[in-house]
Protein chains: 2
Amino acid sequence: MDFSSAEENYLKAIYHLSEQQKEEVSTNSIADELQTKPASVSDMLKKLAAKKVINYVKYKGVTLTDKGRSVALLIVRKHRLWEVFLVEKLKFNWDEVHEVAEQLEHIKSRSMIERLDMFLGFPKFDPHGDPIPDKNGNIAVLTAKPLAEGITGNSYKVVSVSDSDAALLQYLDKVGISIGTVLQITDKIVYDSSIEINIDNQNRQQLVSKMVSENILVVDI
Amino acid sequence: MDFSSAEENYLKAIYHLSEQQKEEVSTNSIADELQTKPASVSDMLKKLAAKKVINYVKYKGVTLTDKGRSVALLIVRKHRLWEVFLVEKLKFNWDEVHEVAEQLEHIKSRSMIERLDMFLGFPKFDPHGDPIPDKNGNIAVLTAKPLAEGITGNSYKVVSVSDSDAALLQYLDKVGISIGTVLQITDKIVYDSSIEINIDNQNRQQLVSKMVSENILVVDI
DNA sequence: GTCTAATTTTAAGGAAAACAAATTTAGTTT
DNA sequence: AAACTAAATTTGTTTTCCTTAAAATTAGAC
């Protein structure tokens with residue numbers, strides 16, 4: 001079965017949304033994710049349901065079928081492998097690769113993506129710390145949590161950040177945060193939920209906003 | 001100015017056709033090249049003329065404008081660089097890369113293609129021997145001629161073959177012909193215009209058909 | 001120079017994917 | 001239960017690219 005780029009983007013969006021909140025995905029949230037209008041989404045959901053890649057109940061929302069999930073995981077796999085290529089081989093910065101990977105993920109060639117995987121040394125994570133599904137669609141489950149949920153005094157290692165927001169990535173670059181960076185929470189400001197951190201045990205504090213601290217995923221150390 | 005994949009394919013087709021025969025390109029030949037119908041071509045020619053990338057005179061044919069040629073050359077550049085990547089880095093055979101490169105050539109990112117060029121070491125020719133336009137659209141002129149025009153007794157070096165026909169490439173692989181191979185013409189069969197050749201001075205003759213000999217480009221040695 | 005055949009263009013319409021506007025539904029409030 | 005509201009769907013267009021059928025034009029044959 002073949003899927004257009006538009007169909008693939010819908011499946012990917014539904015996949016990402018169902019990762020975030022474990023229930024049915026709403027039409028509006030898909031429209032939001034894809035920068036389109038709910039009317040367009042309704043249209044497409046009918047098509048995708050006919051192709052048996054989603055379970056669609058009108059006015060109720062959608063979930064992916066097994067078939068749909070495996071299509072979505074292949075797209076995610078391609079997107080993340082291409083990001084690794086762009087950063088490791090072509091020396092892009094991590095904030096520059098998302099847009100190009102959005103195009104590359106739709107290239108159709110089963111054997112190319114397997115060869116690319118080999119060429120890259122079978123990476124397990126992309127440059128933003130997100131796990132890369134293997135060719136069977138198996139993907140590591142991230143046990144990480146947002147920095148926002150950390151406790152004052154504790155130290156954490158950055159394992160992942162949102163890859164779709166270049167502005168965030170540029171900001172993180174500027175303050176010296178990347179995958180693997182160790183952060184210690186030195187204070188939590190109750191007033192605006194911002195967090196004061198110490199980066200890589202340097203002799204300097206950095207204040208990060210609530211919004212930022214929710215988009216940095218960390219694990220305990 | 002932005003171009004859709006369809007528009008890019010038309011420009012590339014017109015470019016290739018005007019390379020072959022130095023005059024105006026006909027609607028039918030474009031339809032043929034793109035596996036579509038003449039009516040579709042007429043439609044698209046109007047669009048491309050409005051965008052000032054072709055000189056279009058109804059019923060007369062088209063030529064590329066300077067603008068059009070530079071767009072076409074960029075697509076050719078991308079196609080051929082990706083072919084180098086697929087063969088050199090991902091270890092594809094030369095008969096397997098055309099289709100995938102047809103998709104990759106439409107990826108939009110100026111900086112990616114320049115970085116890819118650097119990553120590949122600024123190659124001058126693709127795996128089929130075709131010259132790669134540089135970033136300014138300069139391209140080496142092939143002085144080669146079809147093997148079919150060779151003279152009995154003379155030796156020639158293979159510099160290029162048609163990249164779009166996988167069956168031809170597989171055949172050439174089988175008989176041991178690739179870019180750089182030295183061929184000596186030992187006989188020309190008048191009856192069916194086939195040619196008897198000796199490959200790399202081995203102790204063995206090989207008969208190649210008219211069709212094959214017209215699609216292998218060689219230079220004198 | 002006219003006629004016919006081949007080529008090219010126009011016209012009408014279909015599929016995919018988008019949008020706005022109008023309508024329907026689900027869930028909540030009273 | 002009726003009414004309301006927010007979300008979702010339907011309807012009707014639009015755009016892009018393609019197709020078939022018909023009309024127009026060019027060019028080669030006589």
Side-chain angles (χ1 to χ4, degrees), chain A residues 1-14 17-18 20-21 23-64 68 71-72 75 102-103 105-108, chain B residues 1-14 17-18 20-21 23-64 68 71-72 75 102-103 105-108:
Chain A
M1 184 130 48
D2 249 21
F3 296 91
S4 67
S5 291
E7 290 170 335
E8 289 188 347
N9 283 333
Y10 275 92
L11 289 173
K12 188 177 57 143
I14 295 166
L17 290 166
S18 24
Q20 283 165 35
Q21 16 116 26
E23 40 190 41
E24 281 85 5
V25 173
S26 74
T27 299
N28 270 3
S29 64
I30 298 170
D32 213 53
E33 175 95 358
L34 292 176
Q35 310 264 60
T36 182
K37 298 289 175 290
S40 313
V41 177
S42 282
D43 258 10
M44 181 61 91
L45 294 185
K46 259 181 279 178
K47 271 179 61 185
L48 293 177
K51 285 190 163 190
K52 313 266 195 217
V53 286
I54 59 172
N55 305 115
Y56 176 40
V57 182
K58 274 192 203 171
Y59 296 101
K60 286 290 189 173
V62 284
T63 56
L64 291 173
V71 173
I75 302 158
E102 289 281 303
Q103 298 178 61
E105 73 190 4
H106 300 297
I107 301 293
K108 276 157 186 60
Chain B
M1 183 128 52
D2 249 21
F3 296 91
S4 67
S5 291
E7 290 170 333
E8 289 187 347
N9 283 334
Y10 274 90
L11 289 173
K12 189 176 53 142
I14 295 166
L17 290 167
S18 22
Q20 284 164 36
Q21 17 115 25
E23 39 188 41
E24 281 85 5
V25 172
S26 74
T27 300
N28 269 3
S29 63
I30 298 171
D32 213 53
E33 174 95 358
L34 291 176
Q35 310 265 60
T36 181
K37 297 290 175 291
S40 313
V41 177
S42 282
D43 254 13
M44 181 60 93
L45 293 185
K46 261 180 279 179
K47 271 181 59 184
L48 293 177
K51 284 190 163 191
K52 312 265 195 218
V53 286
I54 59 172
N55 304 116
Y56 175 39
V57 182
K58 275 191 203 171
Y59 294 103
K60 286 291 187 175
V62 285
T63 56
L64 291 173
V71 174
I75 302 158
E102 289 281 302
Q103 299 178 61
E105 72 190 5
H106 300 297
I107 302 292
K108 279 162 184 55

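A note on names: the letters A, B, ... follow the listed sequences, proteins ahead of strands, and every chain is numbered from 1.
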field: Separation of atom CE in A/Met44 from atom C1' in D/dT10, rounded to whole Å
entry: 17 Å

Atom-to-atom span, CG of B/Asp2 to C1' of D/dT16 - whole angstrom: 15 Å

query: Within the structure, does a side-chain N or O atom of B/Ser26 lie under 4.0 Å from either OP1 or OP2 of C/dT7?
result: no

- request: Please tell me which of the listed nucleotides, D/dT9, C/dA18, C/dT10, lies nearest to the side chain of B/Ala39?
  value: C/dT10

statement: Heavy-atom closest pair (B/Ala49 atom, B/Ile54 atom, distance to 0.1 Å) is N-CG1, 3.6 Å

query: Between atom CD in A/Glu24 and atom P in D/dA8, what is the gap in whole Å?
result: 12 Å

- prompt: Are B/Lys12 and B/Glu102 close enough for a salt bridge, meaning some N to O gap below 4.0 Å?
  reply: yes

- prompt: Looking at D/dT10, D/dT26, D/dC18, which one has an atom nearest to any side-chain atom of B/Tyr59?
  reply: D/dT26

message: At 4.0 Å (heavy atoms only), tell me whether B/Thr36 reaches a base, stays on the sugar-phosphate, or touches nothing.
response: sugar-phosphate

- prompt: Within less than 4.0 Å of OP1 or OP2 of C/dA18, is there a side-chain N or O belonging to A/Tyr10?
  reply: yes

task: Would you kindly give the NZ-to-P distance between B/Lys37 and D/dT16, to the nearest whole Å?
output: 22 Å

field: D/dA8 OP1/OP2 closer than 4.0 Å to side-chain N/O of A/Tyr56
entry: no

- prompt: A/Ala6 near the nucleic acid: base, sugar-phosphate alone, or nothing, with a heavy-atom cut-off under 4.0 Å?
  reply: sugar-phosphate

message: As an exercise, state the distance from CG of A/Leu45 to CD1 of A/Ile14, rounded to the nearest 0.5 Å.
response: 5.5 Å

task: Check whether any side-chain heavy atom of B/Phe3 sits under 4.5 Å from a side-chain heavy atom of B/Ile75, and report yes or no.
output: no

query: Counting only side-chain N and O atoms of A/Asn28, is one of them less than 4.0 Å from OP1 or OP2 of D/dA6?
result: no

query: Roughly, in whole Å, what's the span from CD1 in B/Ile30 to C1' in C/dT9?
result: 14 Å

Length of the CG-C1' vector between B/Asp43 and C/dT9, whole Å: 9 Å

message: Using a 4.0 Å heavy-atom cut-off, does A/Ser40 contact any base of the nucleic acid, only the sugar-phosphate backbone, or nothing at all?
response: base

field: Spacing between A/Leu48 atom CG and C/dA16 atom P, to the nearest angstrom
entry: 12 Å

query: How many angstroms lie between OG in B/Ser42 and CD1 in B/Ile30, if you round to the nearest 0.5 Å?
result: 9.0 Å

task: Just compare D/dT19, C/dA18, D/dT9 and give me whichever is closest to any side-chain atom of A/Thr27.
output: D/dT9

query: Are A/Lys51 and A/Glu7 close enough that some pair of their side-chain heavy atoms sits under 4.5 Å apart?
result: yes

message: Which nucleotide wins on minimum distance to the side chain of B/Lys58, given the candidates D/dA27, D/dT9, C/dT10?
response: C/dT10

message: Rounded to whole Å, please give me the gap between CG in B/Leu45 and C1' in C/dT10.
response: 14 Å

Phosphate-side-chain proximity, A/Lys60 and C/dG27, N/O vs OP1/OP2 below 4.0 Å: yes

message: Go nucleotide by nucleotide along DNA chain C from the 5' end; which of B/Val25 and A/Glu7 gets its closest nucleotide reached first?
response: B/Val25

query: Does A/Ser42 put a side-chain nitrogen or oxygen below 4.0 Å from OP1 or OP2 of D/dT9?
result: yes

